[in-house]
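Below you'll find the structure, written out as structure tokens, and then a few comments.
What you see below is based on every heavy atom in this structure, not just the backbone, and it leaves out hydrogens, waters and symmetry mates. Quick caveat, the model's predicted, so the values are computed rather than measured.
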Amino acid sequence: DAGQATPPKGARFRAVSCGDHFTCGILANGNSAPHSGERAAGGDGEALCWGAASFDKTRPPDTRARYRDLSAGASHVCAIKVPKGEAVSVAHAGALACWGDNRDHQ
């Protein structure tokens, strides 16, 4: 157990995805999670990951970015970024951001 099944206390999520011994979620409004391992919890649309940190899979590359959707593989995560100034909504397309293990060009 790497803690992947224990989300940070007070955190509320709009989306969650699990990989191999880690979990990532996109935070929703109204969070009160004080921290989770690598950094302080943030606001609406920010990614928060916990569990096994191998391959940097629990460290989103841009801690200030906001996302609208994400999906985790065994040791990596990809998420759709929300353009700056836009609402976290399915109506807005965004660039893809990925982090974690990239040994097989995933």
Side-chain angles (χ1 to χ4, degrees):
D1 179 13
Q4 72 274 12
T6 308
K9 288 185 180 182
R12 294 178 36 178
F13 298 93
R14 63 174 57 251
V16 175
S17 189
C18 303
D20 188 12
H21 301 290
F22 77 105
T23 304
C24 288
I26 297 174
L27 294 169
N29 279 328
N31 276 289
S32 61
H35 63 78
S36 176
E38 301 299 331
R39 67 175 190 83
D44 186 36
E46 290 187 25
L48 181 63
C49 302
W50 61 96
S54 57
F55 304 110
D56 287 333
K57 60 192 175 192
T58 59
R59 293 184 184 191
D62 182 355
T63 58
R64 296 173 197 248
R66 294 170 46 230
Y67 304 92
R68 70 171 176 90
D69 201 2
L70 82 164
S71 183
S75 297
H76 68 283
V77 179
C78 288
I80 300 171
K81 290 176 88 170
V82 174
K84 289 190 184 233
E86 300 290 341
V88 178
S89 163
V90 295
H92 298 108
L96 188 63
C98 297
W99 59 92
D101 185 12
N102 193 33
R103 290 178 293 176
D104 296 319
H105 307 286
Q106 52 277 51

Minimum heavy-atom distance Leu70-Gly25, with the two atoms named: CD1-N, 4.2 Å
task: Check whether any side-chain heavy atom of Val16 sits under 4.5 Å from a side-chain heavy atom of Thr23, and report yes or no.
output: yes
- prompt: Going by heavy atoms in the side chains, are Ser71 and Val77 under 4.5 Å from each other?
  reply: no
For Phe22, all residues meeting ring-ring contact (aromatic ring centres under 6.0 Å, His included), sequence neighbours excluded: none
query: Looking at side-chain heavy atoms only, is the closest gap between Trp99 and Cys49 below 4.5 Å?
result: yes
message: Which heavy atom of Leu27 sits nearest to which heavy atom of Ala11, and what is that distance?
response: CD2-CB, 4.3 Å
query: Does some side-chain heavy atom of Gln4 sit less than 4.5 Å from a side-chain heavy atom of Asp20?
result: no
query: Shortest non-hydrogen contact from Gly51 to Thr58?
result: O-CG2, 4.1 Å
task: Please name the pair of heavy atoms, one in Ala52 and one in Lys57, separated by the smallest distance, quoted to 0.1 Å.
output: O-CE, 3.1 Å
task: Provide the closest heavy-atom pair for Pro61 versus Tyr67 in the form atom of the first, atom of the second, distance.
output: CD-OH, 4.5 Å
Asp62 with Arg64: basic N within carboxylate O range, under 4.0 Å: no
message: Could you check whether Arg14 pairs with Asp69 (Lys NZ or Arg NE/NH1/NH2 to Asp/Glu carboxylate O, under 4.0 Å)?
response: no
- prompt: Does the side chain of Ile26 reach to within under 4.5 Å of the side chain of Phe13, using non-hydrogen atoms?
  reply: no
- request: Check whether the SG atoms of Cys24 and Cys18 are less than 2.5 Å apart, and answer yes or no.
  value: no
query: Between the side chain of Ser17 and the main-chain N/O of Ala72, is any donor-acceptor distance below 3.5 Å?
result: yes
- prompt: Looking only at heavy atoms, what is the nearest atom pair of Ala5 and Pro7, with distance?
  reply: O-CD, 3.4 Å
Arg66 (side chain) donor-acceptor with Asp44 (main chain) under 3.5 angstrom: yes
